[in-house]
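In what follows, every chain begins at residue 1, and chains take the letters A, B, ... in the order their sequences are listed. Here the structure is a predicted model, which means the values were calculated and not measured.
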2 protein chains.
Amino acid sequence: MQQSILKNMACASCPIKHRAVCSRCDADELALLESIKTYKSFSANDQILWRGEELHYVASVVEGVATLGKSLEDGRTQMVGLLLPSDFIGHPGRTHIEFDVVAASDVTLCCFEREPFRKLINDVPHLAQRMVEIALDELDAARDWMVLLGRKTAGEKIATFIEMVTRRQHLDRADGQQTDLVLPLLRSEIANYLGLTLETVSRQLTILKSESVLEFVDKRHFRILDMARLHDATGDDADGGILA
Amino acid sequence: MQQSILKNMACASCPIKHRAVCSRCDADELALLESIKTYKSFSANDQILWRGEELHYVASVVEGVATLGKSLEDGRTQMVGLLLPSDFIGHPGRTHIEFDVVAASDVTLCCFEREPFRKLINDVPHLAQRMVEIALDELDAARDWMVLLGRKTAGEKIATFIEMVTRRQHLDRADGQQTDLVLPLLRSEIANYLGLTLETVSRQLTILKSESVLEFVDKRHFRILDMARLHDATGDDADGGILA
DNA sequence: CGTGGTATTGATCCCGATCAATCAGGGTGG
DNA sequence: CCACCCTGATTGATCGGGATCAATACCACG
């Protein structure tokens, strides 16, 4: 794991301060958090945490994309979460991590020592409140993904994934400007996320291209040509995704 | 929905007081909770909440089994949670529920008015702490289930389900006494939980019987004959389930 | 150029879905 | 008591979507 520790950035200039676990905290509370925080950065494909490893830190993703996965005895793997900026990693009350965490791109984390962080949750209501929200939001997202994994066809899975990527990238840029969208994952990683094989992912993307729902400028960059037909292909009902 | 409101039971004699959302609260804090709590009971097959419905209450399951599910436009459904005594229902910060909640047996809920409960989370650290734990535990469980839905074979899914039912029923009886175990769900509901059809569930159970891994005394009651072979059939590695 | 990692496309296979028939148990009413 | 039906479970026959195995294309490196 090639990990480097950065000089601490001030919370005031943090790019995720509005959505991260600390977003409700006032200046005094932030000061408490700053005393137990460290930035760590990882290169693409670094393993950030191994399943079963002792957990000294919990963290927020500041920049980059990481994946949360689990594997069966014989090597089959399933991704169970895609960690984007402001997402939270770890379980303050657990001494060991249950999942593998891997950097899908270069990643910067804001890490808090686990044990002091656990105590802060008890003492700082603003932290506990936000933590509850984050955990419950993640839980709803995980449950939506269970519907996808258990019941959707390959075509619906891909359409749902593309729609999700599109939505999250639109949220990020406040100006709503239309630029090319980027797939944050390789075909094999998308397959892993969707419970498919990479061949099936490739075939389904080809179908969406041939139906002029989207087009690729290269392997990783694409544009949506027909948002309505994309949504129809997800299998969700009209307002299902928007409420989520 | 045939729902009846019971006279309030005292928290002191509550069967789930050690694991429910209130388990960390002291007497004063319980008094606050009691002022916003009501018991409601439902008969088997009652719909407790409809997806999209306005959410006036959050609740703990006191007795019985409920299911949490979601369905796609064309009627396919996927169960995304099995709610057993002490499990929590609802999202204090959301005005609407995302899922269908159905009573799988006769069910008693301990309901808290949502808005006052949300405020209590901010004021009562013991409540927020426990809420964080419950949400994160549920999240881990949901992620384990994603592995099952995405990657396990039908045989592994059934074995995992049986193992889970067995474990949870052993936890309940502290004496560890060996009596017949009971399937909390119909074949069709098991199928819905596992992302299978009821025919496949039936066939896989027949296989486990023919291999003398378990035996049925009637359609709902069974005994494990070979716990080790059952676990081997789950596809999990040796200690995966025990840590969880 | 060649080489290694990634993606596409093709051919075939198999697990689980689907369609369908039968069975088992348990009320209910004659 | 039996005939009837109703719901849930089992078992059988067939089908098809996606996995698997395999070949080829692409492209950024040296």
Side-chain angles (χ1 to χ4, degrees), chain A residues 43-45 67 72 74-78 102 104-105 147-162 182-211 214-222 233 235, chain B residues 43-45 67 72 74-78 102 104-105 147-162 182-211 214-222 233 235:
Chain A
S43 306
N45 302 317
T67 66
L72 299 175
D74 62 3
R76 280 170 288 170
T77 63
Q78 175 65 51
V102 179
S105 69
V147 178
L148 176 142
L149 291 172
R151 295 298 180 196
K152 286 193 175 182
T153 65
E156 290 168 338
K157 287 178 175 181
I158 294 287
T160 305
F161 176 74
I162 296 288
V182 53
L183 284 181
L185 302 175
L186 303 177
R187 301 291 186 273
S188 59
E189 293 168 325
I190 297 172
N192 188 359
Y193 198 19
L194 298 174
L196 296 171
T197 59
L198 67 93
E199 293 95 327
T200 300
V201 170
S202 181
R203 282 185 239 273
Q204 294 296 333
L205 286 175
T206 303
I207 291 174
L208 287 177
K209 277 187 290 191
S210 75
E211 292 175 338
L214 49 75
E215 64 181 359
F216 276 83
V217 312
D218 63 31
K219 305 288 180 198
R220 297 286 287 252
H221 296 81
F222 67 101
Chain B
S43 306
N45 302 317
T67 67
L72 299 175
D74 61 3
R76 280 171 288 170
T77 63
Q78 174 65 52
V102 180
S105 69
V147 178
L148 175 144
L149 291 172
R151 294 300 180 196
K152 287 193 176 182
T153 64
E156 290 168 338
K157 287 178 176 182
I158 294 288
T160 305
F161 176 74
I162 296 289
V182 54
L183 283 182
L185 302 175
L186 302 177
R187 301 293 186 271
S188 58
E189 294 169 323
I190 297 172
N192 187 0
Y193 197 20
L194 298 174
L196 296 170
T197 59
L198 67 93
E199 294 95 328
T200 299
V201 170
S202 182
R203 283 184 237 276
Q204 294 296 333
L205 286 175
T206 302
I207 291 174
L208 287 178
K209 277 187 290 191
S210 75
E211 293 175 337
L214 49 74
E215 64 180 1
F216 276 83
V217 312
D218 64 32
K219 304 289 181 198
R220 296 287 286 252
H221 298 268
F222 67 101

| message | What contact category does A:L198 fall into here, base, sugar-phosphate, or nothing, at under 4.0 angstrom with non-hydrogen atoms? | response | base
Checking all strands, does B:G155 fall into the base, sugar-phosphate, or nothing category for heavy-atom contacts under 4.0 angstrom? nothing
Paired with A:N192, the side chain to side chain donor-acceptor pair (under 3.5 Å) test is passed by just one of A:T67, A:T77, A:T197, namely A:T77
Gap between atoms [atom1] and [atom2], on [X] and [N] respectively (whole Å):
X      : N      : atom1 : atom2 : answer
B:F216 : C:dA24 : CZ    : C1'   : 15 Å
B:Q204 : D:dA9  : CD    : C1'   : 15 Å
A:F222 : C:dT8  : CZ    : P     : 13 Å
A:L149 : D:dG17 : CG    : P     : 20 Å
B:K157 : C:dG16 : NZ    : P     : 8 Å
B:I190 : D:dT10 : CD1   : P     : 9 Å
B:H221 : C:dG25 : NE2   : P     : 14 Å
B:R151 : C:dC15 : CZ    : C1'   : 15 Å

Where the side chain of [X] is defined as all heavy atoms beyond and including C-beta, which of [options] is the nearest nucleotide?
X      : options               : answer
B:T206 : C:dA17, D:dT10, C:dT9 : D:dT10
B:E199 : C:dT9, C:dA20, D:dA9  : C:dA20
B:R187 : D:dA9, C:dT8, D:dG18  : D:dA9

_Can you classify the ring geometry of B:Y193 versus B:F161 as parallel (below 30°), tilted (30 to 60°) or perpendicular (above 60°)?_
perpendicular
message = Tell me if a side-chain donor or acceptor on B:K157 pairs with a main-chain N or O of B:L194 at a distance below 3.5 Å.
response = yes
- [ ] Say whether, by atom type as modelled, one donor and one acceptor occur between the side chain of B:E189 and the main chain of B:L186 under 3.5 angstrom.
- [x] yes
N or O in side chain of [X] less than 4.0 angstrom from [N] OP1/OP2:
X      : N      : value
A:T197 : D:dA19 : yes
B:K209 : D:dT10 : yes
A:T200 : D:dA19 : yes

Closest to the 5' end of DNA chain D, once B:L186 and B:R203 are matched to their nearest nucleotides, is B:L186
Check your understanding: Charged N to carboxylate O below 4.0 Å: is that the case for B:R220 and B:D218?
Key -> no
